[in-house]
2 protein chains.
Amino acid sequence: MVVETNLSDAEVDRIFRALADATRRDIVERVLTGEQSVSALADRYDMSFAAVQKHVAVLERAGLVTKQNRGRERLVRGNPDAIRRVQALLDRYERLWRARIDRLDALLAEPEPPSPPAPGQE
Amino acid sequence: MVVETNLSDAEVDRIFRALADATRRDIVERVLTGEQSVSALADRYDMSFAAVQKHVAVLERAGLVTKQNRGRERLVRGNPDAIRRVQALLDRYERLWRARIDRLDALLAEPEPPSPPAPGQE
DNA sequence: TTAACGTACAACCAAATGGTTGTAGAAACT
DNA sequence: AGTTTCTACAACCATTTGGTTGTACGTTAA
């Protein structure tokens, strides 16, 4: 499965920043397990309703959660696409590192010492 | 391959916060591809040396890069372990979401309509 | 209709962030 | 020795962040 990675720097900024807070990560876990209203979420944390509301807003701006109106409630649910996009980013980082290790391994396997060889004139 | 996930909230905070900046993500890419001195990195960005130095310090505190002394230079290199740990975190999130989808699918597959059944008194 | 609930939003505050300049020290070059 | 290079770090500043309280409004319940 190929995941789209067309994310601007600012979008990636918002996603990582949103995940850089334990309360927000906990909210993401809860609403991935099952959707919950903002006040149901707020009951679980030792802070004001408005503070939790702000955290949800940060997650929403980052695209990590969506809100849906039901009566007077706002149901918050997780957005798995955003999570996959971040995973794709980190996969890319790991591939870059792996390519570097492979290059170093190739160098170590060479019989030649670190003399710059001016290649193509063997 | 099983990746250790014994990270405190504060450590995860630092990792995500470190990645929530385009300059720092670019630095991570560069030093994963190959180690570079701080001043070599600073030449590539339109900001002061001290600013780049701060960015490297943020990455180092998050464990995403390490620094090694070579003469008067500090060689910065990426730490792939940290990247794998974040991937493991996101994998966990995605598994949570998948479990939720499976549950919803199971509900939809049930023949019963959404009548709250007062279970055990059929 | 009135009261209670769930939410939105503004105003405010302390602390952290991301940048700057300046000073200073250790290592390398002439 | 003197100078340049690379780094470290302090001080400062504007903006953002993460929390608070208070007010207002739509929705549900009595």
Side-chain angles (χ1 to χ4, degrees), chain A residues 8-31 34-78, chain B residues 8-31 34-78 114 116:
Chain A
S8 71
D9 277 351
E11 288 170 315
V12 180
D13 285 5
R14 279 193 289 270
I15 291 174
F16 280 123
R17 179 163 290 274
L19 291 174
D21 180 281
T23 301
R24 288 197 291 263
R25 288 193 299 275
D26 197 73
I27 291 176
V28 168
E29 287 193 23
R30 289 186 190 280
V31 301
E35 64 193 6
Q36 297 191 26
S37 71
V38 181
S39 58
L41 287 171
D43 287 343
R44 309 205 170 245
Y45 305 104
D46 187 25
M47 65 184 71
S48 68
F49 172 83
V52 174
Q53 209 178 17
K54 280 191 181 183
H55 282 310
V56 171
V58 170
L59 292 169
E60 195 180 11
R61 257 177 272 131
L64 288 169
V65 306
T66 57
K67 277 197 293 188
Q68 181 186 2
N69 292 11
R70 189 182 63 184
R72 59 185 165 187
E73 291 181 328
R74 304 291 180 271
L75 295 183
V76 184
R77 71 180 64 192
Chain B
S8 70
D9 278 349
E11 287 170 315
V12 180
D13 284 5
R14 279 193 288 271
I15 290 173
F16 279 123
R17 178 162 290 278
L19 291 173
D21 180 281
T23 301
R24 287 197 292 263
R25 287 193 300 275
D26 197 73
I27 291 176
V28 168
E29 287 192 23
R30 289 187 190 280
V31 300
E35 64 192 6
Q36 296 192 28
S37 72
V38 180
S39 58
L41 287 171
D43 286 342
R44 307 207 170 245
Y45 304 104
D46 187 26
M47 65 184 73
S48 68
F49 173 83
V52 175
Q53 209 178 19
K54 280 190 181 185
H55 282 309
V56 172
V58 170
L59 292 169
E60 195 180 13
R61 257 177 272 132
L64 288 169
V65 307
T66 57
K67 276 197 292 188
Q68 181 187 2
N69 292 13
R70 190 182 62 184
R72 60 184 165 184
E73 291 182 327
R74 303 291 180 269
L75 296 183
V76 183
R77 73 179 63 193

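Chain identifiers are assigned alphabetically (A, B, ...) following the order of the sequence lines, protein sequences preceding nucleic acid strands; residue numbering begins at 1 within each chain. Because the structure is predicted, anything quoted here is derived from the model rather than measured.
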To the nearest 0.5 Å, how far apart are [atom1] in [X] and [atom2] in [Y]?
{"X": "A/S37", "Y": "A/K67", "atom1": "OG", "atom2": "NZ", "result": "11.0 Å"}
{"X": "B/L59", "Y": "B/T66", "atom1": "CG", "atom2": "OG1", "result": "11.0 Å"}
{"X": "A/I27", "Y": "A/Q36", "atom1": "CD1", "atom2": "CD", "result": "9.5 Å"}
{"X": "A/D13", "Y": "B/R24", "atom1": "CG", "atom2": "CZ", "result": "9.0 Å"}
{"X": "B/R14", "Y": "B/E11", "atom1": "CZ", "atom2": "CD", "result": "6.0 Å"}

Item checked: Distance below 4.0 Å between A/R74 side-chain N/O and C/dG6 OP1 or OP2 ->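 No.
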Margin query: Check the phosphate of C/dT20 against B/S48, side-chain N and O only, distance under 4.0 Å to OP1 or OP2. Yes or no?
Written below: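 The answer is yes; a side-chain N or O of B/S48 sits under 4.0 Å from OP1 or OP2.
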Next item on the list: Could you point out which residue of B/H55, B/E73, B/R74 forms a side chain to side chain contact (heavy atoms under 4.5 Å, CB included) with B/V38?
Entry: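 One option only clears the test, and that one is B/R74.
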Nearest-angstrom distance from the residue atom [atom1] of [X] to [atom2] of [N]:
{"X": "A/D13", "N": "D/dT16", "atom1": "CG", "atom2": "P", "result": "13 Å"}
{"X": "A/R24", "N": "D/dG19", "atom1": "CZ", "atom2": "C1'", "result": "12 Å"}
{"X": "A/L75", "N": "D/dT27", "atom1": "CG", "atom2": "P", "result": "15 Å"}
{"X": "B/D26", "N": "C/dG18", "atom1": "CG", "atom2": "P", "result": "16 Å"}
{"X": "B/D21", "N": "D/dT16", "atom1": "CG", "atom2": "P", "result": "14 Å"}
{"X": "A/E73", "N": "D/dA29", "atom1": "CD", "atom2": "P", "result": "10 Å"}
{"X": "B/N69", "N": "C/dG25", "atom1": "CG", "atom2": "P", "result": "18 Å"}

Item checked: Residue B/K67, side-chain heavy atoms: nucleotide from C/dT7, D/dA8, D/dG18 that is nearest ->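 For B/K67, the side-chain atoms sit closest to D/dA8.
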Checklist line | A/R17 side-chain proximity, nearest of D/dC6, C/dG18, D/dT21 | finding: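 Output: C/dG18.
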Note to self: Treating A/R25 as the side-chain partner and A/L19 as the backbone partner, does any N or O pair qualify as donor plus acceptor under 3.5 Å?
What the structure shows: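 Yes, the answer is positive, given that a donor and an acceptor are paired below the 3.5 Å cut-off.
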Note to self: Strictly distance-based, threshold 3.5 Å: is any side-chain N or O of B/R61 a donor or acceptor partner for the main-chain N or O of B/A18?
What the structure shows: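 Here the side-chain-to-backbone pair does not exist.
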Next item on the list: Indicate, with a heavy-atom threshold strictly under 4.0 Å, whether B/R70 touches base, sugar-phosphate, or nothing.
Entry: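 Answer is nothing: B/R70 stays at 4.0 Å or more from every strand.
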Item checked: Residue met sooner reading DNA chain D from 5', once A/T23 and A/R72 are mapped to nucleotides ->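 The 5'-side residue here is A/T23.
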Next item on the list: Kindly state which residues belonging to residues 49-62 of chain A come within less than 4.0 angstrom of DNA chain D, counting heavy atoms of the residue only, listed by number.
Entry: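 Result for residues 49-62 of chain A: A/A50, A/A51, A/K54, A/H55, sorted by number.
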Next item on the list: Scan residues 38-47 of chain B against DNA chain D and write down, sorted by residue number, each residue with any heavy atom closer than 4.0 Å; if none is found, say none.
Entry: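 Of all residues in residues 38-47 of chain B, the ones placing a heavy atom under 4.0 Å from DNA chain D are B/V38, B/S39.
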Check: Does a side-chain heavy-atom distance below 4.5 Å link B/V31 with B/L41?
Finding: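 They are in contact (side-chain heavy atoms under 4.5 Å apart), so the answer is yes.
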